Amino acid sequence: MDFQNLQTFCTVISEGSMTAAASKLSITQPAVSQQIRQLEKDFGVKLLSRNARKVKPTVQGQIFYETSNRVLNLIQNARNSIQAISLNLSGEKINVSTINSIGLHLVSPVIGSFLKLNSNMKLSLLYGTGESVVQRMQKGELDMVVMPDIRKEYGRDFPYFQKSLLFKDTLYFVGSGKDQNLPKSVLFKDIGRMRLIQVENHYLAFQNVFQQEMRKKGLAFEPSFQCDNIGTVKRAVESGLGCGFLPAHSIHKQLRLGRLKLIEIEDFDYSVNVYFYLKPDEKKSRIIEILKLLILQQAQAIS
């Protein structure tokens with residue numbers, strides 16, 4: 001079986017159409033159709049159902065999609081590991097920084113496995129608030145940064161850093177999974193009747209939007225607990241001390257296991273793109289590119 005066909009099939013599903021997949025893969029739409037037909041011929045079943053210009057996986061296609069994604073991730077992991085081992089890293093140092101929640105869930109697992117393959121590499125991983133990371137970028141101390149959109153969240157721009165999208169993050173309003181009395185959905189004004197817990201100094205634009213929404217609706221309520229550590233806030237919410245907004249990337253496991261409960265706010269939502277910010281450096285470019293790919297795979301694995 002051609003692994004390119006697997007990649008094309010997964011791209012069709014993720015993009016929702018043959019045309020969009022062809023554009024993303026930089027191939028023609030007939031080539032995409034041919035690869036899908038070949039897969040369906042190999043398995044003897046229909047993998048896609050077509051409705052107007054949209055395509056969706058059949059039951060068999062969904063099973064194949066989930067398996068193919070795992071296979072492609074394993075192949076990419078193996079490729080990155082082989083590339084990492086072949087690098088001569090003994091004389092290079094990489095400075096990486098991010099906020100603590102992204103670091104804990106996306107960066108730390110990657111850094112650990114990468115260093116096992118490259119014991120001579122010098123690497124600095126710094127966690128902090130968004131403002132502290134931005135200050136280090138301004139001073140030119142960092143090679144690679146993983147952050148929510150710096151222009152949107154912190155009003156800053158660093159054109160000498162190359163920027164590429166990692167994933168789209170959403171701020172979920174959640175409460176304890178143990179609390180059977182929590183509603184499935186509320187209006188924004190109803191939040192004021194709940195005990196609130198708030199993350200500080202990470203998503204500044206979100207805090208501004210939240211305050212603006214309160215003013216627009218003539219509301220005024222203060223959180224009962226604030227902390228700049230997302231892990232601490234998450235544990236406080238999970239234990240039933242209150243409800244709060246937490247980034248989706250940090251709570252997938254808790255939601256899946258029922259330790260946290262999602263509460264939909266019908267008239268309010270907030271999302272932000274999370275980016276890689278890479279400082280161009282010819283000597284370090286191969287190292288940074290592998291780290292980037294590993295972090296991207298980690299993000300896909302927990303989403």
Side-chain angles (χ1 to χ4, degrees), residues 73 76-77 79-154 156-169 199 201-204 228-232 247-250 252 272-303:
N73 281 335
Q76 187 61 58
N77 281 333
R79 181 180 293 120
N80 290 337
S81 296
I82 292 168
Q83 289 176 333
I85 293 171
S86 68
L87 293 176
N88 180 12
L89 306 176
S90 57
E92 301 296 340
K93 181 179 180 180
I94 306 296
N95 295 310
V96 181
S97 189
T98 184
I99 56 177
N100 61 14
S101 70
I102 293 177
L104 178 64
H105 293 89
L106 298 181
V107 182
S108 287
V110 168
I111 295 298
S113 60
F114 191 75
L115 287 176
K116 287 180 181 178
L117 296 171
N118 302 282
S119 58
N120 294 326
M121 180 178 176
K122 300 174 184 177
L123 190 143
S124 173
L125 175 59
L126 302 170
Y127 294 168
T129 64
E131 283 290 351
S132 68
V133 175
V134 169
Q135 288 172 11
R136 291 188 184 111
M137 292 179 73
Q138 185 175 12
K139 293 176 182 178
E141 298 174 352
L142 303 174
D143 299 301
M144 177 177 179
V145 174
V146 183
M147 285 281 285
D149 191 335
I150 290 174
R151 177 183 294 176
K152 178 178 180 179
E153 293 296 325
Y154 307 100
R156 305 294 296 278
D157 200 9
F158 297 95
Y160 49 89
F161 275 82
Q162 297 173 351
K163 183 175 77 170
S164 57
L165 180 65
L166 177 55
F167 63 95
K168 184 176 182 178
D169 209 6
V199 177
N201 299 326
H202 282 282
Y203 295 82
L204 301 187
D228 65 2
N229 185 289
I230 288 179
T232 299
H249 75 263
S250 69
H252 284 298
V272 61
N273 289 331
V274 175
Y275 289 100
F276 292 105
Y277 294 88
L278 310 174
K279 187 165 66 175
D281 187 307
E282 186 175 347
K283 290 183 178 180
K284 300 177 182 178
S285 61
R286 289 183 64 204
I287 307 169
I288 293 174
E289 186 62 29
I290 292 173
L291 283 171
K292 173 184 170 182
L293 289 172
L294 290 171
I295 293 171
L296 179 60
Q297 289 168 15
Q298 180 70 9
Q300 293 171 342
I302 69 172
S303 64

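We use all heavy atoms of the structure for the numbers below, so side chains are in, but hydrogens, waters and symmetry mates are not. When a residue number appears, it is its place in the shown sequence, counting from 1. The model shown is predicted, which means the values in this text are computed figures rather than measured ones.
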For the residue pair Y154 and Y203, what are the closest heavy atoms and their distance? OH-N, 4.3 Å

Give me the atom names and distance for the closest heavy-atom approach of P280 to Q162. CG-NE2, 3.6 Å

Set of side-chain hydrogen bond (donor to acceptor under 3.5 Å, both in side chains) partners for N229, sequence neighbours left out: T232

Can you name the side-chain hydrogen bond (donor to acceptor under 3.5 Å, both in side chains) partners of Y277, sequence neighbours left out?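 Expected list: none.
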
Go through the side-chain N and O atoms of S101 and Y127 and say whether any donor and acceptor fall under 3.5 Å apart.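 No - no donor-acceptor pair under 3.5 Å links their side chains.
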
To the closest 0.5 Å, what do you measure between [atom1] ([X]) and [atom2] ([Y])?
{"X": "H202", "Y": "E153", "atom1": "NE2", "atom2": "CD", "answer": "11.5 Å"}
{"X": "D143", "Y": "N95", "atom1": "CG", "atom2": "CG", "answer": "5.0 Å"}
{"X": "Y275", "Y": "R151", "atom1": "OH", "atom2": "CZ", "answer": "9.0 Å"}
{"X": "H105", "Y": "I230", "atom1": "NE2", "atom2": "CD1", "answer": "9.0 Å"}

Considering residues at least two apart in sequence or located in another chain, which fulfil the side-chain contact (heavy atoms from CB on, under 4.5 Å) criterion with [X]?
{"X": "K168", "result": "S271, N273"}
{"X": "K292", "result": "M144, S164, F276, L278, E289"}
{"X": "T129", "result": "E131, S132, N201, D228"}

pair [X]-[Y]: side-chain heavy atoms closer than 4.5 Å:
{"X": "S124", "Y": "L142", "value": "no"}
{"X": "I295", "Y": "L166", "value": "yes"}
{"X": "D169", "Y": "P148", "value": "no"}
{"X": "L126", "Y": "R136", "value": "yes"}
{"X": "K279", "Y": "F158", "value": "no"}

I would like to know whether S108 and L125 meet side-chain contact (heavy atoms from CB on, under 4.5 Å); could you show each step before the answer? CA-CA 9 Å; S108 287; L125 175 59; 4.3 Å; yes

Please identify each residue that fulfils salt bridge (Lys or Arg N to Asp or Glu O under 4.0 Å) with R156, with sequence neighbours left out. none

Sole residue of D149, L165, T98, I102 in side-chain contact (heavy atoms from CB on, under 4.5 Å) with V274: I102

